Q: 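There's a structure below that I have some questions on.
In what follows, every chain begins at residue 1, and chains take the letters A, B, ... in the order their sequences are listed. The structure displayed is predicted, hence computed values, not measured ones.
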2 protein chains.
Amino acid sequence: MEEDLFKALADPTRRVILDELTERNGQSLFEICARLATRHGLALSRQAVSQHLAVLETAGLVTPRREGRYKFHDLDPRPLEHIVTRWLTPAPPEDTP
Amino acid sequence: MEEDLFKALADPTRRVILDELTERNGQSLFEICARLATRHGLALSRQAVSQHLAVLETAGLVTPRREGRYKFHDLDPRPLEHIVTRWLTPAPPEDTP
DNA sequence: ACGATAGGCAAGTCCACGCTTGCCTATCAA
DNA sequence: TTGATAGGCAAGCGTGGACTTGCCTATCGT
């Protein structure tokens, strides 16, 4: 659902999580917590990050992958593809040479 | 500021306003009110729409243009351009033929 | 088996956001 | 000038969302 996508992108912490996963894909919850703290000064509780990841999963931007007691998170940027073209006017006849 | 951009896109009513302006650019506040009501079943107060437009202006997605007692609103999709490429991984080596 | 690690569930708090209401200003038509 | 139209400002209400806290389950190492 597109509502979930925009809601997921609305929070700055979630966008930083996407940045983190873009730089290093497949991180676990604790890894993300640590990198948010050390690299972005975001001292969130583990539960807060877990809830953010749940929102990102609902939006289809993050795909969880279980391995034993670990849960790794893979980025999936495909839902983003259509959110720009939606409002990109279909080639307005500009006469700017 | 990018925070304003994502916040502007977070609300479904504002996205419908962007849709309206994409289809018919340069509408006034009352025009937008009317079209939200008749075409989308959104019976919002004039003030509500005005506040939405203010948010869209802050995000740089809508540029106001005054003419007499009218204020027309022009869509500017340029701020949207970078929000996808931000998380598009720089061509991962996929071996899908 | 036991403790430690990785994560989940649920309730509760706090604040930002969407919307309304009421009143005020500015421009146009008669 | 008067009334109507188009829009703005500010206070207030109510809901949703972000975050914490406390406790519970599951997997690994020894």
Q: Can you tell me if the side-chain N/O atoms of A/S45 get under 4.0 Å from OP1 or OP2 in D/dT20?
A: yes

Q: Of the residues in residues 63-73 of chain A, which ones touch DNA chain C at a heavy-atom distance under 4.0 Å?
A: A/R66, A/R69, A/Y70, A/K71

Q: What closest approach, in Å, do A/W87 and B/L75 show between heavy atoms, and which atom pair accounts for it?
A: O-CD2, 4.0 Å

Q: Which heavy-atom pair separates A/P79 from A/L5 by the least distance, and what is that distance?
A: O-CD2, 3.3 Å

Q: Test side chain to side chain contact (heavy atoms under 4.5 Å, CB included) on B/E57 and B/H52; report intermediate values, then the result.
A: CA-CA 9 Å; B/E57 291 175 22; B/H52 280 306; over 6 Å; no

Q: Evaluate the criterion salt bridge (Lys or Arg N to Asp or Glu O under 4.0 Å) for residue pair A/E3 and B/R15; output intermediate values, then yes/no.
A: CA-CA 10 Å; A/E3 172 69 23; B/R15 296 196 296 271; 2.7 Å; yes

Q: Will you find, in the side chains of A/E2 and A/H82, an N or O donor that is under 3.5 Å from an N or O acceptor?
A: no

Q: Going by heavy atoms closer than 4.0 Å, what residues in residues 33-42 of chain B are next to DNA chain D?
A: none

Q: Looking at every non-hydrogen atom in both residues, tell me the closest pair between B/H73 and B/L29 and how far apart they are.
A: CE1-N, 3.8 Å

Q: Assess whether salt bridge (Lys or Arg N to Asp or Glu O under 4.0 Å) is satisfied between A/R86 and A/E81, documenting all intermediate values.
A: CA-CA 9 Å; A/R86 172 174 177 179; A/E81 291 175 357; over 6 Å; no

Q: Between B/L80 and A/V84, which heavy-atom pair has the shortest distance, and what is it?
A: O-CG2, 3.4 Å

Q: One pair to check against side chain to side chain contact (heavy atoms under 4.5 Å, CB included): A/D4 and A/V55. What are the steps and the verdict?
A: CA-CA 8 Å; A/D4 300 321; A/V55 175; over 6 Å; no

Q: If each of B/F30 and A/A43 is mapped to the nucleotide of DNA chain D with the nearest heavy atom, which maps nearer the 5' terminus, i.e. the 5' end?
A: B/F30

Q: Identify, residue by residue, the members of residues 49-62 of chain B with a heavy atom below 4.0 Å from DNA chain C, and return them in order of residue number, or none.
A: B/Q51, B/H52

Q: Show your reasoning for whether side chain to side chain contact (heavy atoms under 4.5 Å, CB included) applies to B/I32 and B/E20.
A: CA-CA 8 Å; B/I32 297 174; B/E20 263 317 309; 5.5 Å; no

Q: Looking at residues at least two apart in the chain, or sitting in another chain, which of them share a side chain to side chain donor-acceptor pair (under 3.5 Å) with A/R24?
A: A/E31

Q: Nearest whole angstrom, please: distance from the P of D/dC24 to the CZ of A/R46.
A: 14 Å

Q: Stepwise, does the side chain to side chain contact (heavy atoms under 4.5 Å, CB included) test hold for B/L61 with B/L9?
A: CA-CA 10 Å; B/L61 289 169; B/L9 294 175; 4.0 Å; yes

Q: Taking all atoms of both residues into account, what is the closest heavy-atom pair of B/K7 and B/R14, and its distance?
A: O-NH2, 3.0 Å

Q: Show me, range against range, the stems involving DNA chain C, built from at least 3 consecutive Watson-Crick or G-U pairs below 3.5 Å.
A: C:1-30 with D:1-30

Q: Give, ordered by number, those residues of residues 2-20 of chain A having at least one heavy-atom distance below 4.0 Å to an atom of DNA chain C; if nothing qualifies, reply none.
A: none

Q: Any idea which heavy atoms bring B/L21 and B/G26 closest together, and the distance?
A: CD2-N, 4.3 Å

Q: Can you find a pair of side-chain heavy atoms, one from B/R35 and one from B/Q27, that are under 4.5 Å apart?
A: yes

